[in-house]
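Working notes for the structure below.
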Amino acid sequence: MRKILIPTDFSETAKNAIQYGLELFKHQESEFIIMHAYADEVYKNGMEMDQQLFNVFKENTCLKVENQLQNEVIEFSELSSNPKHAFTYGACFGSLVDETNDRVKRENIDLLIMGTKGKTNNKEISFGSHKLQVLKYIKCPVLAIPTGFKETSLHTIGFATDYMLPFKKRELRLLSTLAMQLYAVIYMVFISDYKSLSRRQLDNRSFLEYCLRENKTDFIQETGKNITEGINKIVQEQNFDMLVMVNQRHSYLENLLYHSTIEKIGLQIKIPFLVLQNLNR
């Protein structure tokens with residue numbers, strides 16, 4: 001059974017992410033764990049309270065969150081047509097990243113799904129601060145779904161890589177399974193000034209080809225210094241249905257996530273964005 005974790009803030013964006021996950025894995029035996037970390041809202045709204053009032057407010061918030069989670073589980077379990085879908089939920093008093101990582105480790109989560117915007121739903125940005133923190137630090141694959149995006153049929157998947165990172169077999173197996181069940185072609189996108197690959201890159205590419213040997217794959221190589229510009233160009237030209245990248249220390253994606261927002265860098269993500277993590281788990 002695949003374990004899928006979905007953090008929610010009860011916004012329409014979060015609900016859309018849950019619906020997307022149900023549809024994407026509608027034929028798979030899956031457990032959907034819906035969680036909400038509520039420490040930030042308690043501390044923010046309880047700043048002026050004395051300890052006794054604060055404790056009461058904290059307890060009431062927990063009860064309210066658990067009730068909201070229960071209602072969401074009922075709503076989405078009724079939408080699911082697969083009897084092999086299981087649903088659980090959890091209210092957590094802690095930060096989103098810490099509580100999510102704890103659950104990833106404890107439950108051995110295979111995939112985290114989230115919407116790219118939250119309650120503020122600012123049209124000028126794709127990822128709010130909490131969502132960027134999840135992309136940076138969560139130690140399992142993260143699938144980010146743009147607000148309002150509902151199309152789950154995948155025909156083409158763009159996998160942007162420089163082949164410098166050692167891939168993880170478990171992460172690639174998730175991608176391989178997704179592509180196979182939806183009959184999608186995986187395009188390896190490589191952008192560089194150098195036409196030939198180093199020995200390290202050749203080894204990593206061979207491992208990637210081996211792990212995706214049962215999939216339909218193709219390779220796209222473009223010459224250029226601006227990786228972001230190149231990715232945007234190819235995504236638009238190829239009309240990809242999903243973009244995949246790997247996050248690891250000293251990678252292009254880590255630099256993008258740590259030193260700026262995706263918007264400032266200019267990476268235009270208007271399709272589902274799957275981030276594979278090469279962080280220690």
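- Using modelled atom types and a 3.5 Å distance limit, the side chains of Gln181 and Gln28 yield a donor-acceptor pair.
- What you find for Thr156 and Gln238 is that their closest heavy atoms are OG1-O, 4.2 Å.
- Using a 4.0 Å cut-off between charged side-chain N and carboxylate O, Lys233 and Glu229 make no salt bridge.
- Within the 4.5 Å cutoff, side-chain heavy atoms of Ile6 are placed close to those of Ile4.
- Side chains of Ser95 and Asp98: a donor-acceptor N/O pair is present below 3.5 angstrom, by distance only.
- By the 4.0 Å N-to-carboxylate-O rule, Lys44 lies too far from Glu41 to be salt-bridged with it.
- Using a 4.5 Å heavy-atom cutoff, the side chains of Leu276 and Asn247 are not in contact.
- The minimum heavy-atom distance between Ile109 and Arg103, with the atom names listed, is CG1-O, 3.7 Å.
- Ring pair Phe219/Tyr187: centre-to-centre distance not below 6.0 Å.
- Between Thr100 and Leu96, the closest heavy-atom pair is OG1-O, 2.5 Å.
- Checked by atom type, the side-chain pair Glu59/Asn55 shows no donor-acceptor distance below 3.5 Å.
- Ring-plane geometry between His85 and Phe87 is classed as perpendicular, the angle between the planes exceeding 60 degrees on a 0 to 90 degree scale with a lower cut at 30.
- There is no side-chain donor-acceptor pair under 3.5 Å between Glu99 and His36.
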(request) Dump the intermediate steps for ring pair (Phe, Tyr, Trp, His ring centres under 6.0 Å) on Tyr43 and Phe93, then the final yes or no. (result) CA-CA 10 Å; Tyr43 286 126; Phe93 184 71; 5.5 Å; yes
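- No donor-acceptor pair closer than 3.5 Å links the side chain of Asp9 to the backbone N or O of Ala14.
- Under the 3.5 Å distance criterion, with hydrogens and angles disregarded, no donor-acceptor pair is assigned to the side chains of Lys3 and Asn108.
- Listed for the Asp218 side chain is no donor-acceptor partner under 3.5 Å among the backbone atoms of Met188.
- For the residue pair Asn82/Ser80, the side-chain donor-acceptor check at 3.5 Å is not satisfied.
- Ring geometry for Phe167 versus Phe159: interplanar angle over 60°, hence perpendicular rather than tilted (30 to 60°).
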